[in-house]
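The structure appears right after this line, and notes come after that.
Nothing here was measured: the structure is a model prediction, and the numbers come from that model.
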Amino acid sequence: MNNHLNYTPEQFYSELRNRFVNLLKNENLYTDKIEISTKALTAKEAIGVTKRKDFPIITGKDVMVQANCHGGLGQAFTDAPAVFHGTLEEICNLNLEESHNRGLFISALNAVMNYLGKSTCTVHCKNDGPEFCALDVVKFVKENYGNPKIGLIGYQPSLLENLSKEFELRVVDLCEDNIGAKRYGVCVEDGSDEKNWKEICDWADLVLCTGSTVCNGTIVNFLPWINKILFFGTTLAGAASLMELPRMCFAEKYQ
């Protein structure tokens, strides 16, 4: 495992970009005229029809961006969606300090990694998938970690409800509508307060962190806890493979 502990956001995205460019050059794709098209998906397109209506994408707090590379699909949750049509070289030259560019880059990265067969679960599960996935997560945690105290980074309702039934859990989120509210018996703490998320990461035996942090730029905050962190979801698929980050996702079972 590479040392991720001291990355600044700029260093992290620079390293991620460099690894992606090297991969594209090795695969003879960098200068190829492959077109990458991205679009923002509606909630129904992204996760189908769900019983639960408090997913961030349904409440309008996040948007799913999807990229297509020769039929390989890649998605990314972002709060700054944008539309793009261009080449991989142009994608790699985007300024990743800008939030909307990160969403484009990450979705394109996921699409390419899916096309090359180097990453799985690059497309979100739909309909009842998130509920079944949450049960898979509970089973996975029990089998691999026993009975840990869990710090949940990012409000994911099906995960929060099912995990909180089985484990001692604390959760942080960035959405003001959730902060301070009790969700499934757990008070949602302020994820913008450094003291909160640091305290939770220190307290927890296992930190489950949304992969969407790679789009909003906060992923580097949690890398110092790399030895007890597990990222979840589709957004981090390609970056997890390139940056050797621990990730859990069962989306392919529920497409």
Donor-acceptor list for residues 88-98 side chains, cut-off 3.5 Å, not counting sequence neighbours:
residue: Glu90; atom: OE1; partner: Thr87; partner atom: N; Å: 2.8
residue: Glu90; atom: OE1; partner: Thr87; partner atom: OG1; Å: 3.4
residue: Asn93; atom: ND2; partner: Glu89; partner atom: O; Å: 3.1
residue: Asn95; atom: OD1; partner: Glu97; partner atom: N; Å: 3.0
residue: Glu98; atom: OE1; partner: His100; partner atom: NE2; Å: 3.4
residue: Glu98; atom: OE1; partner: Asn101; partner atom: ND2; Å: 3.3

Which residues share a side chain to side chain donor-acceptor pair (under 3.5 Å) with Asp205, sequence neighbours left out: none
Over all heavy atoms of both residues, which pair between Gly191 and Val172 is shortest? Give the atoms and the distance, please. CA-CB, 3.8 Å
Using a 3.5 Å distance criterion without hydrogens, assess whether the side chain of Gln75 forms a donor-acceptor pair with backbone atoms of Phe77. no
Residue pair Ile106, Val65: steps toward the side-chain contact (heavy atoms from CB on, under 4.5 Å) verdict: CA-CA 9 Å; Ile106 294 300; Val65 175; over 6 Å; no
What side-chain donor-acceptor pairs closer than 3.5 Å can you find for residues 21-30, not counting sequence neighbours?
residue: Asn22; atom: ND2; partner: Asn18; partner atom: O; Å: 3.2
residue: Asn26; atom: ND2; partner: Asn22; partner atom: O; Å: 3.2

Using the ring pair (Phe, Tyr, Trp, His ring centres under 6.0 Å) criterion, which residues pair with Phe167? Sequence neighbours excluded. none
Those residues that, when tested against Thr213, pass side chain to side chain donor-acceptor pair (under 3.5 Å) (two or more places apart): none
For Lys149, look at atom NZ and say whether over 12 heavy atoms of other residues, nucleotides or ligands are found less than 6.0 Å away. yes
Results of salt bridge (Lys or Arg N to Asp or Glu O under 4.0 Å) for Lys198 - residues two or more places apart only: Glu194
Would you mind listing every ring pair (Phe, Tyr, Trp, His ring centres under 6.0 Å) that reaches into residues 190-211, with sequence neighbours excluded? Trp197-Phe222
Approximate separation, where rounding is to 0.5 Å, of Asn196 CG and Glu189 CD: 5.5 Å
In terms of heavy-atom contacts, Ser119 and Gly238 come closest through OG-CA, 3.6 Å
For Lys118 and Ser241: C-alpha separation, side-chain torsions, deciding distance, then whether side-chain contact (heavy atoms from CB on, under 4.5 Å) applies. CA-CA 7 Å; Lys118 294 184 177 294; Ser241 296; 5.6 Å; no
Output all residues satisfying salt bridge (Lys or Arg N to Asp or Glu O under 4.0 Å) with Lys142, sequence neighbours left out; order by chain, then residue number. Glu166
Judged by atom type as modelled, is there a donor-acceptor pair below 3.5 Å linking the side chain of Asn110 to the main-chain atoms of Thr122? no
Set of side chain to side chain contact (heavy atoms under 4.5 Å, CB included) partners for Leu230, sequence neighbours left out: Phe140, Tyr145, Leu206, Leu208, Pro246, Met248
For Tyr7 and Ile219: C-alpha separation, side-chain torsions, deciding distance, then whether side-chain contact (heavy atoms from CB on, under 4.5 Å) applies. CA-CA 10 Å; Tyr7 277 135; Ile219 188 169; over 6 Å; no
Closest non-hydrogen contact found for Cys201 with Ile153 is SG-CD1, 4.4 Å
Shortest non-hydrogen contact from Cys121 toward Ala237: O-CB, 3.9 Å
Those residues that, when tested against Ala240, pass side chain to side chain contact (heavy atoms under 4.5 Å, CB included) (two or more places apart): Leu236, Leu245, Arg247
Once side chain to side chain contact (heavy atoms under 4.5 Å, CB included) is applied, do any residues pair with Lys195, and if so which ones, sequence neighbours excluded? Asp193, Glu199
Nearest heavy atoms of Cys69 and Val112, plus distance in Å: SG-CG2, 4.0 Å
Checking Ser164 now: which residues fulfil side chain to side chain donor-acceptor pair (under 3.5 Å) with it, not counting sequence neighbours? none
Locate the shortest heavy-atom distance separating Thr210 from Gly154; write the atom from each residue and the value. CG2-CA, 4.1 Å
Expected output: side-chain Thr218 to main-chain Asn221 donor-acceptor under 3.5 Å: no
Short side-chain to backbone donor-acceptor contact, Arg19 and Leu242, under 3.5 Å: yes
Test Phe105 against Tyr13 for ring-ring contact (aromatic ring centres under 6.0 Å, His included), laying out the working first. CA-CA 10 Å; Phe105 178 85; Tyr13 291 110; 8.0 Å; no
Trace of the side-chain contact (heavy atoms from CB on, under 4.5 Å) decision for Val137 with Asn162: CA-CA 9 Å; Val137 171; Asn162 286 280; over 6 Å; no
